[in-house]
Q: 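Sharing a structure below in structure tokens format, with a few things to ask.
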Protein chains: 2
Amino acid sequence: MKSDSAVPPIDPPSLAERIRLEMDSFTPTEKRAAHMLLSHYPFAGLDTVAEFASRAGISAPSVLRFVTRLGFGGFPEFQRHLREELEAQLLSPLAKSSPSDRSHGAPALASFAESVIGNLRATVENIAPAEFEAVVELLSDQRRPVHFTGGRFTGALARYAESHLRIVRSHVDYIEGQPALWRDRMIEIGRKDVIVAFDIRRYQEDVTALCETAARQGATVVLLTDPWLSPIARVARHVLPAHIVAPSNWDSSAGLLLITEALVAAVTKRLWETAKPRMEAVERLRNEKP
Amino acid sequence: MKSDSAVPPIDPPSLAERIRLEMDSFTPTEKRAAHMLLSHYPFAGLDTVAEFASRAGISAPSVLRFVTRLGFGGFPEFQRHLREELEAQLLSPLAKSSPSDRSHGAPALASFAESVIGNLRATVENIAPAEFEAVVELLSDQRRPVHFTGGRFTGALARYAESHLRIVRSHVDYIEGQPALWRDRMIEIGRKDVIVAFDIRRYQEDVTALCETAARQGATVVLLTDPWLSPIARVARHVLPAHIVAPSNWDSSAGLLLITEALVAAVTKRLWETAKPRMEAVERLRNEKP
DNA sequence: GAAAAGCTGTACCAAAAATTTCAGCCAAGA
DNA sequence: TCTTGGCTGAAATTTTTGGTACAGCTTTTC
């Protein structure tokens, strides 16, 4: 769950713009500073005061007076502003696109979808191939029991993963997050076991406790989380982070689902020799029921 | 004009790329630093060491060791590299997100993701805005109890929807698909009730039966399904189809999740006046627990 | 199961950065 | 020409930051 209501919708006037407007009211050295900054905006401002001063051919104090004049409390504050402006500008192509550009499709749905797609792309970018492969390898080892778990929202994803993987291979189950429900199961968890935990912000203490306990007993922990990393990361062997920010009061789990499905697909492929007969057998059993 | 041989063809091996490749050779805390940096690349690295360390949840010395390990002489040198890389990238808009750049990330993951993204786009295209809006309207009516249900795989999505919506409003629950579990609950289902069913191919008879029974008693049925439409569509008031084909032995539910999250977001927004205090109350209750 | 190797954080120190002080300088006005 | 007001930069000062040594702990190895 994220914080409350609206986000600032208006584009704040860029600092560069303001500088151009106030240019004539500057003193000569201030103008040199301003031109220097504008000519390599905003990178010229990201160095140190001394560097900035020397490039502009003026003294450090003059640079300080310049940024003070612009209304900043000091040079670090000025730099922070530049960074934030730059970051916002760089990320905007995703966020800004299509508030109302597609005429069909529900507008709310369409813009939400664009945002989610951005998350998926970012998620893929930030996952190390080796990490992903290692997890596939781990889940493909049929001698190692696999246990899925998750928090109040992400628990559903853990269930989703479990419901697929349990058909592909054996020794797959789902563990409820509440300590009362897993405490006694822990005696069975050991070095061979693999815990796959889903946990995103508003990290849940009980899930963390479960993983810590399991890790202490030698289990291998795999964590699917957000970019800020659940505390479980401390005990996790492998971490797969997904971007989750969406134009909603809630976080989006689409990235986690993507990773989950990709993992399941990869494991299924790797275990195909044994998975195929298994899946056929499951199908047969289901049809026998009536 | 000649061919493109004159253009600098070499992709400067971005630092991010190097980090992804070496990821598995990192120590646990180094991995946290790496993930932190990659998730907000490169802005996360432009702050001070202390800031970086605290955001990554590690100590300052670990950050220093991390950048040393990457081959930099010190933190300032590391920052300078980031700035230069950023500047270079920003000055050549074409270099941004080139196709060759996309190819890294886990290959299996990347191609899977592209496929899923295609599904999401197609899903949005094929949903009638009016239908989506009507469902939002329906779920926002607090006088109407809402029941979620789904099949063996999609049940997890129904649970996911339920876990969110139950915080936004009251009278929300989840019904298990097995007839034995819902038969007796059916006497309570009537004209005011709303059933939201998730069902994709290999359509499940029990879920269909549940919806038919509910519909017969006057309930309004909303169906999230695949483009081939579950038989439930015959009794459903509203149908929201999602594309599900993925390069896997399994279908992808990402489109269904997208619709689900968009619905939850829209309903939360519409009910914000009453949802906000509710969400705060839930949060308070959770924190009281210890 | 004990010893060794390696990893991580606390506490501390050194370095460098930002900021302030102050004296000189230049231009405008008497 | 002298004075005044405000810029400007060298140097001193203060604050912040990056870097290091060391001790505790975990993991690995024999």
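No experiment lies behind these values; they were computed from the predicted model shown.
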Q: A:F78 CZ to C:dA17 P: how many Å, rounded?
A: 17 Å

Q: How close or far is atom P of D:dG18 from atom CZ of B:R80, stated in whole angstroms?
A: 14 Å

Q: When you match A:R237 and B:P61 each to their closest nucleotide on DNA chain D, which lands nearer the 5' end?
A: B:P61

Q: Check this for me: does any side-chain nitrogen of one of A:E176 and A:R159 sit under 4.0 Å from a carboxylate oxygen of the other?
A: yes

Q: Nearest-Å distance, CG (B:L46) to P (D:dT17)?
A: 14 Å

Q: Starting from C1' on D:dT17, measure out to CZ on B:F52 and report it in whole angstrom.
A: 16 Å

Q: Distance check: side-chain N/O of A:T27 vs OP1/OP2 of D:dT8, anything under 4.0 Å?
A: yes

Q: Please determine if a side-chain N or O atom of B:S62 lies less than 4.0 Å away from the OP1 or OP2 oxygen of C:dC7.
A: no

Q: Does OP1 or OP2 of C:dT8 have a side-chain N or O of B:T29 closer than 4.0 Å?
A: yes

Q: When you match B:G73 and A:E30 each to their closest nucleotide on DNA chain D, which lands nearer the 5' end?
A: A:E30

Q: Keeping the roles fixed (side chain from A:R169, backbone from A:L271), state whether a donor-acceptor pair exists under 3.5 Å.
A: no

Q: What's B:A60 touching, base or sugar-phosphate or nothing? Going by heavy atoms closer than 4.0 Å.
A: nothing

Q: List the steps and the verdict of side chain to side chain contact (heavy atoms under 4.5 Å, CB included) for A:T149 and A:L210.
A: CA-CA 9 Å; A:T149 190; A:L210 188 158; 3.9 Å; yes

Q: Side chain of B:F75: nearest nucleotide among C:dT10, D:dG19, D:dG9?
A: D:dG19

Q: If I take atom CZ in residue B:R69 and atom C1' in nucleotide C:dT8, what distance separates them, rounded to the nearest angstrom?
A: 14 Å

Q: Less than 3.5 Å between a donor and an acceptor, one on the side chain of B:R65 and one on the base of D:dG19, is that the case here?
A: no

Q: Heavy-atom distance under 4.5 Å between the side chains of A:F78 and A:V63, does that happen here?
A: no

Q: Could you tell me how far apart A:L64 (CG) and D:dT8 (P) are, to the nearest whole angstrom?
A: 14 Å

Q: Is there a side-chain contact between B:L38 and B:M23 in this structure, where contact means two heavy atoms from C-beta onward sitting under 4.5 Å apart?
A: yes

Q: Once you round it to whole Å, what is the distance between C1' of D:dG18 and CD of B:E77?
A: 13 Å

Q: Quickly work out the B:F72 CZ to D:dG19 P distance and round it to whole Å.
A: 13 Å

Q: Between D:dG9, C:dC7, D:dT8, which one does the side chain of B:P28 approach most closely?
A: C:dC7

